[in-house]
Amino acid sequence: MLGIFKNNDHNSVDWISLTSLEQLENIVLDSEIETMYVFKHSTRCGISKMVMNRFEKSLSESIKKCKFYYLDLLTYRNISDQISLTFEITHQSPQLLVIRNKVAIANASHYDILDLNIEKYI
C-alpha cells in the first residue's frame with residue numbers, strides 16, 4: 001500500500017493509488033471478497049481537499065484497515081470515466097464509492113461523503 005500524503009495530517013489512511021484500468025478491474029473482482037472504497041479527488045479543488053481531510057479524521061481504527069483507493073481524477077480522468085460507466089453513476093468530485101459484489105452499493109459526493117456511514121458496509 002502506498003501512503004500518498006507526506007505530512008502528518010494525512011497519515012490516518014493508508015491510501016492505495018488508483019492509476020490503471022487493470023487495477024480498477026481488480027477492485028471490482030476483489031469486491032466479491034471484501035468491501036472496497038474509492039475516493040475520487042480533485043487536487044485543484046479546495047472543497048475536495050477539505051472533505052478528504054475531514055473524512056480521514058472521522059474514520060475509526062477498525063475501518064482504517066480496509067482498502068481505500070485514491071484516484072487523482074485530474075491525472076487519471078480515463079479511470080474516472082470508466083468508474084462512471086462501470087458503476088452507472090454520475091461523475092462528481094470529490095466522490096466516495098463503496099463497492100461490494102461488483103456493485104457500488106453506496107456513493108456520496110462533496111460534503112455528503114462525511115455523512116455516509118461507511119462502517120456499516122464492512
Side-chain angles (χ1 to χ4, degrees):
M1 290 188 191
L2 171 69
I4 290 184
F5 302 105
K6 304 269 189 259
N7 66 40
N8 290 334
D9 293 337
H10 294 287
N11 62 5
S12 64
V13 175
D14 196 6
W15 295 101
I16 303 166
S17 293
L18 176 50
T19 59
S20 73
L21 292 172
E22 179 183 357
Q23 201 176 8
L24 178 59
E25 291 172 12
N26 289 333
I27 290 169
V28 172
L29 293 175
D30 290 346
S31 74
E32 290 187 299
I33 300 166
E34 64 182 305
T35 304
M36 301 289 175
Y37 301 90
V38 175
F39 193 102
K40 293 169 51 182
H41 174 63
S42 172
T43 56
R44 292 187 199 144
C45 174
I47 292 173
S48 191
K49 183 176 182 176
M50 184 184 321
V51 169
M52 179 176 250
N53 286 337
R54 288 183 184 175
F55 172 74
E56 285 187 302
K57 290 176 183 175
S58 73
L59 297 177
S60 69
E61 288 302 314
S62 62
I63 193 83
K64 290 177 190 175
K65 294 178 176 111
C66 295
K67 290 189 179 176
F68 285 90
Y69 288 85
Y70 164 92
L71 176 65
D72 174 348
L73 61 90
L74 297 178
T75 303
Y76 300 102
R77 183 58 195 232
N78 64 320
I79 299 172
S80 179
D81 292 342
Q82 187 59 50
I83 286 171
S84 293
L85 290 171
T86 299
F87 299 108
E88 299 178 349
I89 58 168
T90 303
H91 164 77
Q92 299 283 325
S93 172
Q95 186 173 40
L96 176 68
L97 286 79
V98 181
I99 304 165
R100 184 76 177 156
N101 294 323
K102 300 183 176 183
V103 176
I105 57 175
N107 75 83
S109 62
H110 299 88
Y111 293 106
D112 290 340
I113 291 170
L114 304 174
D115 295 329
L116 188 61
N117 180 7
I118 62 170
E119 293 193 30
K120 72 180 183 181
Y121 301 110
I122 294 178

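No experiment lies behind these values; they were computed from the predicted model shown.
- In terms of heavy-atom proximity, S20 sits nearest to I79 at N-CD1, 3.2 Å.
- Between A104 and L97 the shortest heavy-atom distance is CB-CD2, 4.3 Å.
- For the pair K102 and S31, the tightest heavy-atom approach, listed with the atom from each and the gap, is N-OG, 2.7 Å.
- Of the possible polar contacts, none joining the N101 side chain to the V103 backbone as a donor-acceptor pair under 3.5 Å is found.
- A donor-acceptor distance shorter than 3.5 angstrom exists from the side chain of T35 to the backbone of Y121, with no hydrogens or angles considered.
- V13 and L114 fall within the same hydrophobic cluster, defined by Ile, Leu, Val, Met, Phe, Trp and Tyr side-chain heavy atoms under 4.5 Å apart, directly or through other members.
- Under the 4.5 Å side-chain contact rule for hydrophobic residues, I16 and L21 share a cluster.
- With hydrogens and angles disregarded, no donor-acceptor distance shorter than 3.5 Å links the side chain of R77 to the backbone of D72.
- K40 and S80 share a donor-acceptor pair across their side chains, judged by distance under 3.5 Å alone.
- Here the side chain of Q23 pairs a donor or acceptor atom with the backbone of T19 at under 3.5 angstrom.
- Across all their heavy atoms, L24 and F87 have their closest contact at CD1-CE1, 4.4 Å.
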- Message: For a side-chain contact (heavy atoms from CB on, under 4.5 Å) check, start with the C-alpha distance between S60 and E119, then their side-chain angles and the critical distance, and finish with the verdict.
- Response: CA-CA 9 Å; S60 69; E119 293 193 30; 2.7 Å; yes
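- Tracing side-chain contacts under 4.5 Å through hydrophobic residues (I, L, V, M, F, W, Y), one reaches Y111 starting from Y37; they form part of the same cluster.
- Looking at Q95, its side chain never comes within 3.5 Å of a backbone N or O of V38 through a donor-acceptor pair.
- Aromatic ring centres of Y70 and F39 lie farther apart than the 6.0 Å criterion allows.
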- Message: side-chain contact (heavy atoms from CB on, under 4.5 Å), that's the test. Do V98 and L116 meet it? Break it down for me.
- Response: CA-CA 10 Å; V98 181; L116 188 61; 4.2 Å; yes
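- Contact record, L96 with I113: N-CD1, 3.8 Å, taken as the closest heavy-atom pair.
- Between S48 and H41, the side chains place a donor N or O and an acceptor N or O closer than 3.5 Å (distance only, hydrogens not considered).
- Cluster membership check: F55 shares its hydrophobic cluster with I122, using side-chain heavy-atom separations under 4.5 Å among Ile, Leu, Val, Met, Phe, Trp and Tyr.
- Taking both residues in full, the closest heavy atoms of I63 and F68 are given as O-CE1, 3.2 Å, listed atom of the first, atom of the second, then distance.
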